[in-house]
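Worth knowing before you read on, the calculation uses all heavy atoms, side chains too, and leaves out hydrogens, waters and symmetry mates. Remember, predicted model here, so these are calculated numbers, not experimental data.
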Amino acid sequence: MSTPTFTVADIRKTFLDFFASKGHTVVPSSSLVPANDPTLMFTNSGMVQFKDVFLGTDKRSYVRAASVQACLRAGGKHNDLENVGYTARHHTFFEMLGNWSFGDYFKRESIQWGWELLTQVYKLPADKLWATVYIDDDEAYDIWTQDIGLPPERVVRIGDNKGAKYASDNFWMMADTGPCGPCSEIFYDHGEGIPGGPPGSPDADGDRYIEIWNHVFMQFDMQPDGSVKPLPAPCVDTGMGLERLAAILQHVHSNYEIDIFEALIKAAARETGCDDLGNKSLRVIADHIRATAFLVSDGVNPSNEGRGYVQRRIIRRAIRHGYQLGKKTPFFYKLVPDLVALMGEAYPNLAAQQQRIMDVLMTEEERFFETLEHGMAILDAALAGGTQVLPGEVAFKLHDTFGFPLDLSADVCRERGVAVDEAGFHAAMDRQKAQARAAGKFKMDRALEYAGLGNTFIGYDQLAQTTKIVALYQDGKPTDELKAGQAGVVVLASTPFYAESGGQVGDEGTIASDTARFDVADTQKIKADVFGHHGTLAQGSLKVGDAVTAQVATAVRAQTMRNHSVTHLMHKALREVLGPHVQQKGSLVNASRTRFDFAHNAPVSNADIAEIERRVNAEILANSATSATVMDIESAKNSGAMMLFGEKYGDEVRVLEIGTSKELCGGTHVQRTGDIGFFKIVAESGVAAGVRRVEAVTGSVAMAYVQELEAAMAKASAALKTQPAELVTRIAQVQDQVRTLEKEVATLKGKLASSQGDELMAQAVDVKGIKVLAARLDGADAKTLRDTLDKLKDKLKTAAIVLATVDGDKVQIAAGVTADSLGRVKAGELVNFVAQQVGGKGGGKPDMAMAGGTHPAGLAGALASVPAWVAGKVGGAI
């Protein structure tokens with residue numbers, strides 16, 4: 001049977017169409033930066049956007065999903081960077097084909113559909129496919145051998161590593177505890193001409209048998225003691241590497257020979273002038289343009305920490321490979337249009353940001369090319385002479401001075417058969433602040449054990465309700481009763497309290513019966529549809545089943561709603577004023593203010609802040625009615641709603657229209673824009689490379705802020721004896737007066753020092769032809785010391801001079817040596833000799849040096865010791 005050729009684009013579409021025909025909801029690829037998940041550096045698999053579903057803290061409207069997810073593995077636990085370009089299948093950026101079942105179908109359907117897609121749709125020869133199962137998973141083994149008909153010799157049971165239960169390549173765990181289960185992996189046999197043995201054999205690491213699809217069956221809940229319990233709703237999570245599958249379907253052995261890489265390698269060759277399309281440097285460049293461009297499109301800019309540092313490492317590795325091919329000017333950014341032509345249709349955000357991606361990459365290239373040549377010269381010199389190990393100090397110098405990440409130096413060394421002293425590098429690094437700390441594996445917080453029905457949330461329309469208690473917790477454990485003074489968590493059958501989500505904090509308030517009052521300090525989700533009311537029982541006792549009245553703190557909720565509603569208006573204004581590249585990177589909304597982080601490369605100017613405030617307040621003055629509508633995801637897209645965290649929603653979403661803004665949002669909001677009252681930005685700052693933060697206030701808080709500013713202005717006006725309207729002019733006048741007085745003081749100090757200098761000349765002693773003068777000059781500053789020093793050098797001709805002054809507990813020292821004495825005495829050594837005696841140290845040029853100290857009491861003795869020190873240097877006598 002001949003296998004038809006599928007392009008990468010064909011493979012994507014075919015996969016999604018197939019699973020859509022099986023009742024799956026097609027979910028778009030989420031950002032490479034996991035939304036609201038600080039535990040992961042990058043999205044490294046297709047399941048990341050569904051993690052909360054598996055943990056039970058999110059609930060979707062669908063139970064079957066399929067996606068083609070953009071992934072990155074270049075930091076933390078999953079770091080393939082050093083292998084990229086040198087192996088057939090390692091990449092930084094890759095695409096993962098996946099399908100999921102959330103408590104719906106399980107092993108039989110998953111395996112059968114996988115086999116159907118591979119053999120009947122993609123037309124892979126059945127006799128080329130193998131499967132593995134976990135050693136105890138008889139169910140999966142029977143499905144493969146009996147239902148599918150795969151010969152038993154091609155279904156391999158994979159056991160535990162070193163006898164540790166569940167420590168197997170075919171047993172998947174989300175974390176140390178929580179959802180887990182056996183895997184079934186599908187392998188493709190590339191044929192006898194390729195070295196390597198079947199899975200499970202001693203030669204399994206060869207390239208003949210390649211894993212293409214992993215089916216994870218989450219059916220257990222791993223306990224802290226290492227035992228497992230069955231999950232009430234088993235799930236399926238599968239992942240298949242698009243590039244690996246493309247290589248098989250296109251009859252090539254290496255991923256770098258598939259159509260998309262063939263085109264990118266040719267583009268890299270065009271820009272670098274390299275004629276050898278098999279050159280590994282072209283592979284590196286082709287891989288890295290995908291990773292870096294997608295990272296920029298998701299708001300990650302090059303920096304010296306965190307995700308930005310990983311981005312910088314990848315960019316600079318690509319540039320170095322271009323440099324190795326003889327390219328001495330920026331070239332990398334020119335590949336972006338080629339990439340967009342290949343992947344822009346599948347990833348519209350990439351196409352929409354083409355120019356910005358090019359600008360960011362070009363700026364980083366220009367910066368690095370300025371130092372690359374110097375750094376390479378140092379590296380070449382260090383590797384000259386047949387050395388076998390690059391010293392760690394040299395590697396650190398390249399990193400610290402020239403921006404060479406360690407793996408870039410290691411890349412060069414590997415090409416030349418040289419090792420790197422990584423221990424020495426890290427020892428040097430430890431003496432400075434670490435450049436980046438990559439976080440890999442995430443840990444799951446064990447949720448409160450709750451098995452009851454979900455709660456009904458009525459808090460969009462009501463702030464008080466009579467309901468009943470369905471669960472109580474004390475110290476994290478279920479209890480039947482809370483007593484006065486105890487802190488705990490209350491779960492209600494229905495609730496008006498909003499649980500923290502989407503940046504909005506949880507509600508405060510009270511839960512009361514006839515005899516008890518529970519003060520709610522916060523509301524958090526236990527599960528997607530179960531709210532936990534955290535607080536303290538102020539009086540009485542509460543029991544499961546009690547009838548209670550739940551009352552939200554109305555004033556706090558009202559101010560929180562103002563701040564949340566204005567965040568939407570502010571986001572729209574930011575995009576209008578700064579540009580469409582602005583993307584939300586996080587937010588915090590509470591009763592006191594709104595804090596909004598967004599992607600932007602530069603500080604927001606005062607003029608832009610004023611314009612943003614003008615636009616938002618104009619929306620408030622329009623007093624437009626707000627509305628929230630639940631609709632399907634496609635209708636929301638077609639309506640033009642902005643989807644900030646689209647991966648967190650299912651096929652039914654809540655679309656908020658407020659003023660001219662339309663976004664997906666589950667938070668609580670004002671009824672009309674005029675309810676916000678007044679909007680004022682109070683702070684703007686940078687929180688990370690390429691990420692800015694604005695903080696703003698509304699309503700009465702904004703009024704109080706303005707009144708505080710006016711009060712401060714009134715005090716300043718009174719102090720300067722002027723009216724507030726004239727304050728700026730008056731400040732300018734005072735500054736002019738201060739500058740004039742400073743000049744007069746400097747002139748007087750100079751005259752005083754000059755007269756003292758003339759008097760000091762008589763104190764100079766002759767040491768073998770050198771006039772040595774060491775004296776204290778009271779009332780002088782650093783400039784006066786230097787000026788007086790220069791005048792004394794002119795008058796004494798051949799001299800070594802030390803002048804010092806004291807200001808409180810600080811000593812300032814200046815040393816000077818005339819040109820004809822430099823062969824015998826150095827000013828830098830002299831000033832350091834004196835400074836060490838007064839609690840300091842210093843140095844400088846041979847003819848002029850400065851230093852400081854913190855022990856004025858030692859100054860007299862230090863100055864007195866100067867002639868003897870000079871005598872020791874010149875071999876003379878005092």
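Looking at every heavy atom in both residues, Val133 comes nearest to Ala140 through CG1-CB, 3.8 Å. Here the closest non-hydrogen pair linking Thr292 and Ile289 is OG1-O, 3.5 Å. The shortest heavy-atom contact between Leu117 and Met240 is CD2-CE, 4.5 Å. Taking all atoms of both residues into account, the shortest heavy-atom contact from Phe6 to Tyr122 is CE1-O, 3.7 Å. The nearest pair of heavy atoms linking Gly159 to Ile135 is CA-CB, 3.8 Å.
In terms of the salt bridge (Lys or Arg N to Asp or Glu O under 4.0 Å) criterion, residue partners of Asp17 (sequence neighbours excluded) are, by chain and number, Lys13.
Between the side chains of Gln69 and Gln49, at least one donor-acceptor pair of N or O atoms lies under 3.5 Å. Asp225 and Ser227 share a donor-acceptor pair across their side chains, judged by distance under 3.5 Å alone. When only modelled atom types and interatomic distance are considered, Gln324 and Arg320 share a side-chain donor-acceptor pair under 3.5 Å.
Remark: Glu271 does not engage Lys266 in a salt bridge, criterion side-chain N to carboxylate O under 4.0 Å. The pair Asp142-Arg108 does not count as a salt bridge, with every side-chain nitrogen at least 4.0 angstrom from each carboxylate oxygen. Between Asp189 and Lys128 there is no salt bridge, since no side-chain nitrogen of the basic residue lies less than 4.0 Å from a carboxylate oxygen of the acidic one. Of the charged side-chain nitrogens involved, none lies within less than 4.0 Å of a carboxylate oxygen, so that Lys229 and Asp221 do not count as a salt-bridged pair.
Separation of atoms CZ (Arg208) and CZ (Phe187) is listed at 13.5 Å; rounding is to 0.5 Å. Interatomic distance, Leu295 CG to Phe93 CZ, rounded to the nearest 0.5 Å: 9.0 Å. For the atom pair CD of Glu211 and CH2 of Trp130, the computed distance is 15.0 Å after rounding to the nearest 0.5 Å.
A salt bridge (charged side-chain N to carboxylate O under 4.0 Å, His left out) with Arg157 holds for exactly one of Asp169, Asp137, Asp138; it is Asp138.
Val228 has its side chain within reach of Tyr166: a pair of non-hydrogen atoms, C-beta onward, lies under 4.5 Å apart. Side-chain atoms of Phe171 and Met222, non-hydrogen and from C-beta on, do get closer than 4.5 Å to each other. For the pair Phe217/Trp172, no side-chain contact is recorded, criterion being any heavy-atom separation below 4.5 Å from C-beta on. You'll find the side chain of Gln353 reaches within 4.5 Å of the side chain of Asn349, heavy atoms only. Side-chain contact check for His321 versus Arg317: some heavy-atom pair is nearer than 4.5 Å.
Not a single donor-acceptor pair under 3.5 Å links the side chain of Arg244 to the backbone N or O of Asn255. In this structure, Gln250 contributes its side chain and Asp259 its backbone to a donor-acceptor pair below 3.5 Å.
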